Each structure stands twice: as structure tokens, then as C-alpha cells.
Amino acid sequence: YGVALAQKIVTGKVTTTDGSALGGVTVLEKGKNTQSITTNSGMYKITVQENATLIFRHVGYNQIEKALMGQSVINISLSENSSSLDEVVVTACGVKRDRKTLGYSTPIVAGSDVSETQRESFFQGLQGRVPGLSVNSTSGMPGASAQIVLRGFASISGDNNALIVVDGVPINNSTLNENDLASNGANRDLDYSNRAMDINPDDIETYTILKGPEATAQFGSQGAGGAILITTKKGKAGKFTVNYSLSGRVETVNKYPERQYVYAQGTNGVYAANSVYSMGPKYAEGVTLYKDNVNNFFRTGYNQKHNLSFEGGSEKVTYRWSNEYSNNTGIVPNTSYKRFSTRLNGTAKFNDKLEFNTSFNYINSQNDKVRKGNTGYLITLMRFNPLFDVRDWIDEKGNRVLHSTDIYNELDNPFWDVYRNTANDDVNSLLATSNITYRATNWLSLNGIIGIDFANTQGQSVYHPQSYSGSGSSTNVRN
């Protein structure tokens with residue numbers, strides 16, 4: 001016999017001890033997989049069993065368990081974890097400070113917490129783990145760029161992204177603007193990845209978040225949007241060790257865009273096969289309509305990540321060599337993002353006063369992407385005439401299948417667009433840092449950092465001659 005347990009919706013607000021709203025708090029049902037995340041205003045909503053116990057968890061704060069006891073509104077105040085006050089925090093230029101000596105909040109996220117999410121970029125894995133952090137991705141495509149906002153949108157025309165600092169070296173996390181190209185095209189048709197996406201999340205030890213005026217004080221106008229300070233992993237003294245990990249993920253579309261199947265192509269009740277509007281006459285009864293065109297276009301996406309690292313050393317010298325290969329095929333046909341990263345780090349402690357640390361990271365990424373905008377695959381998919389099967393896009397001779405007179409009166413079939421109007425980015429990146437520290441006395445230390453952040457993007461964008469936006473015409477067929 002099955003037993004159905006009653007469920008109820010529980011809402012509430014999570015604050016700090018001083019009454020400030022606390023976002024990014026994980027609210028989960030004890031013993032179950034049901035969970036929710038508080039918004040920036042501290043509000044949450046979760047559906048649980050009537051006799052459930054809720055767990056409130058956040059980095060840097062003491063965990064609280066609360067039984068429902070028939071309540072449907074539970075407000076919680078989390079106190080800061082006193083043990084975290086003794087933590088060492090890495091601030092600007094790699095300087096280490098005791099957290100209790102700082103006059104501002106510095107949330108810290110462990111690198112392992114982010115890498116366990118197996119996302120292709122670290123900022124996607126940080127989502128929901130840092131109060132106030134908003135990661136706005138341009139799409140769900142592999143290699144899609146994202147806006148990383150810590151302090152809100154302070155500028156209308158400027159850059160509101162948080163500054164990314166790796167081992168004391170600020171890196172360029174901007175995306176390419178198509179207005180800067182020789183073609184001076186509209187900055188909407190293609191997406192270009194953030195360069196911070198090149199960093200392997202498995203190489204990161206900790207993230208320190210600066211989201212107040214202290215970021216501006218330490219990094220100037222570059223830190224106006226806050227800063228994410230990344231400390232990478234270093235070799236550990238001891239035996240030589242080899243670590244390998246493999247992870248995979250499957251992606252599917254669980255909600256498809258909707259369209260109507262009452263009125264045919266055209267305007268003012270008049271049918272026109274090449275019209276982009278569906279305001280023609282009603283479809284006749286019994287006519288065959290391909291209502292699965294949208295479903296038949298998308299596919300199942302697969303992701304695999306391999307990480308292999310070697311490390312070892314002594315109390316004086318340590319080393320770590322890590323390698324990553326990631327391959328993500330998207331839910332849109334002919335899209336993928338591949339990344340290979342190799343990183344070598346070495347540390348040397350010459351004596352009690354002098355230390356040296358250096359790292360070298362090379363990354364190659366290849367992004368097969370699709371077009372956006374008013375002639376991109378999604379718009380043409382929604383406008384595609386349901387009288388025809390979207391999978392019938394190419395004939396036996398390799399020509400484009402048309403349902404109108406010529407290519408200038410019919411938008412591309414979305415399959416034709418993704419397979420014939422291709423775009424690809426091949427990026428080679430180099431990130432190298434060297435850090436030397438000299439402790440002159442117990443109250444004075446000198447720290448010197450030098451770094452290189454270099455990236456070269458070779459991109460190509462191709463239109464087929466028979467395409468709507470191409471330079472040929474439908475009469476240029478193959479014999």
C-alpha cells in the first residue's frame with residue numbers, strides 16, 4: 001500500500017543578526033532533495049512535507065535546523081560563524097590578512113564547492129553561493145558569455161561586471177564587440193565567450209568576494225563593480241600523487257516555446273507562404289500540420305570533463321601540474337564548446353624570509369556557435385510554416401529546400417542555418433603569474449607580482465550562397 005504524505009508551502013525571510021537581508025542561503029528539507037535559495041531580499045519559498053524539518057545553510061554562518069511544527073511562515077536569523085573570523089583572507093595583490101582585522105565583509109567560497117557543480121565556467125558554479133551575485137547568461141548555448149554583477153547596475157553605458165583577479169593579477173573578462181571588427185556589424189548576431197571562462201574550476205583553491213567600496217579602494221575604477229579574488233591550487237609537500245576525475249552531464253529541453261496552429265501564414269486573412277506573420281486565414285479542417293517541428297529541432301546535449309593532475313614536493317619546493325579536457329555539445333544542433341587547459345605551478349621557500357611562487361597556464365578553446373538576432377535559428381524556427389516538415393531542409397544534391405520562389409523571400413530553415421551558416425571561435429590563451437615575497441620583519445613584508453594575461457581569438461563566420469543572408473540565389477544549384 002502506498003502512503004501519500006500531505007505537503008505544504010513554506011515561506012519566510014532569512015536575515016543576519018543585525019536584521020539585514022541575506023541572499024544565497026540554501027534552504028533544504030532534511031533527509032530529502034527538496035531545496036530552495038533565498039533571493040537578494042532574503043525571501044524564500046519551498047514545498048515540503050507537513051512534518052518536515054528545514055535546514056538553513058550559508059557559507060560563513062552557523063547552520064540552523066527548524067521543525068515546521070504546523071507553521072507555514074518561518075523567519076530565520078543566521079549568526080556569523082565565529083570560527084570563520086580567524087580565517088586568513090587573500091586581499092589585493094595576494095596579500096594575506098586575518099579576517100578579524102578587516103573592516104569589511106569578505107565572503108569566501110571553497111573551490112571544491114564550485115568545481116563539484118561540474119559547470120563549464122566557475123562563475124556559473126558560484127551562482128547561489130555568494131550573496132548579491134547575479135550571473136546573467138546570454139543563452140543556454142555552450143560557451144555563452146555572461147554578465148557577472150556583484151554591486152548592481154551602477155552604470156548605464158559602462159561595464160558593471162565584477163573584476164576577476166587571479167593570484168593578484170587582474171585579468172580581462174570582457175567580450176568581443178562586433179562593432180570593433182572591420183565589418184562593423186550589428187553587435188547582436190553572434191556571441192563571444194568571456195575569457196574568465198578559460199580558467200579550469202578544478203584549479204581554484206578559494207574565491208574571496210569584495211563587493212563594497214573596498215574593491216574600488218584596492219583596484220581603482222576597475223573594481224567599481226566589485227571583485228572576485230581567485231587563489232589557485234599549489235602543490236602539497238609529501239609523496240608524489242596522481243589525481244584523476246571524470247564527470248558527465250546530460251542536457252535536455254524541458255519546456256519548449258509555444259506557437260499557435262489556428263491561423264496560416266499571411267496578413268489580413270490572406271495566405272502568403274513566404275510571410276513571416278501568422279495572420280492569414282484559418283487552416284482548413286483535416287490539413288496536415290507538423291506541430292512537432294519545434295521539438296524535432298532540438299536535441300539532447302552531452303557534457304564530459306576529464307581532470308588529471310600530478311603534485312608533490314618537499315617542505316622547500318612543491319610542484320603541481322594539472323590538465324583538463326572538457327567537451328560540451330549543446331541542445332541546438334551543430335553547437336559545441338571544447339576546452340583544453342594545462343597548468344604548471346611551482347613554489348620555492350629559500351628560507352624563513354624569502355618565498356617564490358610561479359604558475360603558467362595555457363588554454364585552447366573551440367566554440368562552434370549559432371546565430372542570434374532577427375534571422376537566427378530561434379526566430380526562423382518559430383516562424384517556420386507548419387505545413388512543412390522542418391527536417392526536410394536539404395535535397396539529395398545538397399541544395400536548400402525552398403517553399404517559395406527564391407531565397408530572398410523565405411527565411412532559412414533553422415537546420416540549414418545551423419549547418420550551413422556556421423560560426424566558430426578558436427581561442428588560445430596564456431595566463432602566467434610570478435610572486436616573490438620577502439618578510440623583512442614580523443610586521444613588514446615586501447611582495448612583488450608580475451603577470452601576463454594574453455588571449456588570441458581567430459573567428460570565422462560563413463554564410464552559404466543559397467542562404468537568405470547569403471550572396472547567391474536559389475538558382476545557384478548543384479547539378
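Note that the coordinates shown come from a computational prediction; the quantities given were computed from them, not determined experimentally. Below, each value reflects all heavy atoms present in this structure, side chains not excepted, and no hydrogens, waters or symmetry copies.
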List the steps, then state whether side-chain hydrogen bond (donor to acceptor under 3.5 Å, both in side chains) holds for Tyr290 with Asn385. CA-CA 9 Å; Tyr290 292 89; Asn385 194 331; over 6 Å; no
Taking the six-membered ring for Trp, are the ring centroids of Tyr377 and Phe297 within less than 6.0 Å of each other?
yes
Check: Any donor-acceptor pair under 3.5 Å linking the side chain of Asn161 with the backbone of Ile148?
Finding: yes
Checklist entry - With a cut-off of 6.0 Å (strictly less than), are more than 12 heavy atoms of other residues, nucleotides or ligands near CD of Glu258? => result no
Hits for side-chain hydrogen bond (donor to acceptor under 3.5 Å, both in side chains) against Gln63, two or more places apart or cross-chain, chain-then-number order -> Arg57
Check: Got a sec: does the CD of Glu315 have more than 12 other heavy atoms crowding it under 6.0 Å?
Finding: no
Without swapping roles, check the side chain of Asp425 against the backbone of Asn367 for a donor-acceptor pair under 3.5 Å. no
- Query: Do the rings of Trp416 and Trp393 sit parallel, tilted or perpendicular, given the 30° and 60° boundaries?
  - Reply: perpendicular
Checklist entry - More than 12 foreign heavy atoms under 6.0 Å from NZ of Lys338: is that the case here? => result no
Result for salt bridge (charged side-chain N to carboxylate O under 4.0 Å, His left out) between Arg343 and one of Asp202, Asp198, Asp167 points to Asp167
With distance as the sole test, does Thr231 use its side chain to make a donor-acceptor pair with the main-chain N or O of Thr206 at under 3.5 Å?
no
Item to complete: Assess whether side-chain hydrogen bond (donor to acceptor under 3.5 Å, both in side chains) is satisfied between Asp417 and Asn421, documenting all intermediate values.
Response: CA-CA 5 Å; Asp417 184 61; Asn421 301 331; 3.1 Å; yes
>> The test is salt bridge (Lys or Arg N to Asp or Glu O under 4.0 Å); show your working for Lys305 and Glu324 and say whether it passes.
In response: CA-CA 7 Å; Lys305 293 186 70 173; Glu324 181 223 28; 3.6 Å; yes
**Study point:** Ser359/Thr433 under side-chain hydrogen bond (donor to acceptor under 3.5 Å, both in side chains): CA gap, chis, key distance, verdict
**Key:** CA-CA 5 Å; Ser359 66; Thr433 62; 2.9 Å; yes
| query | Near Tyr261 OH, under 6.0 Å, is it more than 12 heavy atoms from other residues, nucleotides or ligands? | reply | yes
Tell me, yes or no, whether the heavy-atom count around Asn136 atom CG, taken from other residues, nucleotides or ligands under 6.0 Å, exceeds 12. yes
request  = Report the C-alpha separation of Arg339 and Glu120 in whole Å, then their side-chain angles, then the decisive distance to 0.1 Å, and conclude whether the salt bridge (Lys or Arg N to Asp or Glu O under 4.0 Å) test is met.
outcome  = CA-CA 9 Å; Arg339 180 178 65 209; Glu120 61 188 18; over 6 Å; no
Heavy atoms from other residues, nucleotides or ligands near NZ of Lys66 exceed 12 (cutoff 6.0 Å): no
### Query
Are Asn194 and Ile164 side-chain neighbours, meaning at least one heavy-atom pair lies under 4.5 Å?
no
- [ ] Tell me, with the steps shown, if Arg299 and Thr329 meet side-chain hydrogen bond (donor to acceptor under 3.5 Å, both in side chains).
- [x] CA-CA 10 Å; Arg299 67 179 184 183; Thr329 59; 4.7 Å; no
Any side-chain heavy atom of Thr422 sitting closer than 4.5 Å to one from Asp368?
no
The side-chain contact (heavy atoms from CB on, under 4.5 Å) partner of Asn357 among Thr347, Thr318, Thr232 is Thr347
- Task: Decide if atom CZ of Phe340 counts as having more than 12 heavy atoms of other residues, nucleotides or ligands within a radius under 6.0 Å.
- Result: yes
